[in-house]
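Computed from a predicted model, the values in this text were never measured in an experiment. Below, chains carry the letters A, B, ... as their sequence lines are ordered, and counting in each starts from 1. When reading the values below, keep in mind they use all heavy atoms of this one structure, side chains included, and skip hydrogens, waters and symmetry mates.
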Amino acid sequence: MKRPNLTLWLTASLVYTFLYIPLVIVVVYSFNDSRLNAEWVGFTLDWYYKLFRNEEMLLAARNSLIIAVSASLLATILGTMAGLAIHRFRLRFLPVLAFTPVAMPEILLGVSLLLFFLQVLNLTLGMISIIIAHTTFCIGFVAIIVRARLQGMDESIFEAARDLGATPWQTFRLITLPLIMPAVVAGALMSFTLSIDDFVITFFTKGVGEPILPIQIYTMIKIAVTPEVNAISTLFMLLTLVLIIIANRLDSGMLQGEKKS
Amino acid sequence: MALLELRDVTRRFGDFTAVDAVTLSIEAGEFFTLLGPSGCGKTTLLRMIAGFDVPDSGQILLDGQDIAGTPPEKRPIHTVFQSYALFPHMTVADNIAFPLKMSGKMPDEIKESVKKALEEVQLSRFSQRFPHELSGGQKQRVAFARGLINRPRLLLMDEPLGALDAKLREDMQRELIHLQKEVGITFIFVTHSQDEALALSQRIAVMNQGQIEQIGDPSVIYGSPANRFIADFIGKINLMEAHVTQISGQNMTLEIDKLGTTTLPFKPGIKTGDQGVVAIRPEQVGVHALASQAELTHAYTGKVLDFLYVGDVTTYIVELDCGIRMEALLANSSPGRARFFEVNDPVVVSWLPEAAHFLMD
């Protein structure tokens, strides 16, 4: 192993400090026994207690989870299909269709989806419209990741499967899917995180009624940054952290083809 | 009936004709090689036999049945790919078991067959390894075991030895010949390496620009190449521009540019005035000291221009008095004598009449 050089090490530490200090502060103050995010008074779990009795907040969290799970599931299926199709066939329009929402400004996507739902589909805005909207912008991310994984692979592996007696479906199930699984999981997790903290598109497509977490938090901050917000943020971080660790485990295990025994 | 028959098989990609009206038949149990430079269409032909590609016209018959519409998984034909194409997420044992699982064999039977196959290729110790933990030669053997395990009618191989180093390649070549004799399965081997083709095959089809130029056993392909392309592509050869001046009975007289007239045995289809080359293999060319000129036919004086000593043999480049340069390959077979001639030594070059072939353009 080479030793990292000092300047590099120092730069890296500074960058990561800058990135993570605000997060650490949020976590620390979520346990602070004070209404103000100013000085450390003492340890408490009050804010978490309060959070779990806040009906509105719990409802928002539940809604956001339902949306994130549904949207990431749909986006993963559709995005994987798109990624496979883009890789396998020389298509002209599908890549544009799938990848454009990734690059498009969110505000534009939000406005156009709003108009589409209201004027074309005549849909009542709510959970369904948010799920469709989130799926739309997540598909591209999944497709990009899946295609990138396929591009690095030896095409003859899939031909070998057919050659040795596997039908196209068996080839997909036994060879293609296991090999692209790290990308599919990464795509799903990415979609989940993108969906659960999306504000702009959610704001345009939510309509009235159902509270959604990022928007709920924003409304709370408009009044004051309460430690309750810190508490929910900490829980969010914990969830993300767990997801990342799972993804990492899955990924490296499958990439290296760990021994089964 | 031939095991595999191709009739006028043609495949075009846009304006480019990759395979051009190829007709050939392969008998059961043969070791058949498609040999040609890259881009000659040999891989495209192989892919059509395997079922990954479909001919634009013509027929592919297996046991007399047209298989053009049969998908690859339904053909009793397996392929060993150049990259081996082992499944990276499966162990060696699972890789070899794959074709058996696909054909719906019972787990017990699969286990037994895989065990036997692993023993045959001496990889029993590696059954639980993953492909990335194997060396090139081991991957190669897994690929063969996997291709052969459920006894296909035909095993196709696309340059399977290309990625191995020279020493290992020679070992694998011997193993392959042995394997083919043992299992009795028909092999179709694709390669651009003439050495490999000559060493392995019972019959070779030389391909160029989508067409088959010559089919024959290795000694025929090497010894009597049908045309200039084959002569030039396979092995080293001296080519001298010439034309036919006279045909009389069993012989024909040729005028070799700059060198003069020579007489060769007549070959059917050649007529007076035909242009072409006289081809002579370097090992058929003799180099002698100046004094021995009298006893030799087809002898020409010249001087040694250069030589390349590679241990077992030495290649001499001799410039004849007329300006033609010839290569001669001399075996260093007498002990203690590695070199015969030095640069600038005057020598006599000669060959037997049967060594020279006239090839039309």
query = With no hydrogens and no angle check, do the side chains of A/His134 and A/Ser72 hold a donor and an acceptor under 3.5 Å apart?
reply = no
ask   = What part of A/Asp163 gets closer than 4.5 Å to chain B, counting heavy atoms only: side chain, backbone, both or neither?
value = both
query = For A/Gln170, is it the side chain, the backbone, both, or neither that has a heavy atom closer than 4.5 Å to a heavy atom of chain B?
reply = side chain
Considering only heavy atoms, which portion of [X] lies under 4.5 Å from any heavy atom of chain A: side chain, backbone, both, or neither?
| X | result |
| --- | --- |
| B/Leu156 | neither |
| B/Ser103 | neither |
| B/Ile149 | neither |

Partners passing ring-ring contact (aromatic ring centres under 6.0 Å, His included) against A/Phe172 (at least two apart in sequence or in another chain) = A/Trp169
key: Most contacts with chain B, counted as non-hydrogen pairs under 4.5 angstrom, among A/Leu174, A/Thr171, A/Ile175, A/Asp154   = A/Ile175
message = Tell me which of these, B/Pro76, B/Gly147, B/Pro72, has more heavy-atom pairs under 4.5 Å with chain A than the rest.
response =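 With the most close heavy-atom pairs to chain A, the winner is B/Pro72.
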ask   = Is it the case that more than 12 heavy atoms not belonging to B/Gln59 sit under 6.0 Å from its CD atom?
value = yes
ask   = Does the side chain of A/Ile131 reach to within under 4.5 Å of the side chain of A/Thr135, using non-hydrogen atoms?
value =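 A/Ile131 vs A/Thr135: side chains touch.
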message = For the backbone of B/Ser201 and the side chain of B/Glu30, can you confirm whether one donor and one acceptor N or O come within less than 3.5 Å of each other?
response = no
inquiry  = Distance to the ring centre below 6.0 angstrom and angle to the axis at most 45 degrees; does that hold for B/Arg146 and B/Phe87?
reply    = yes
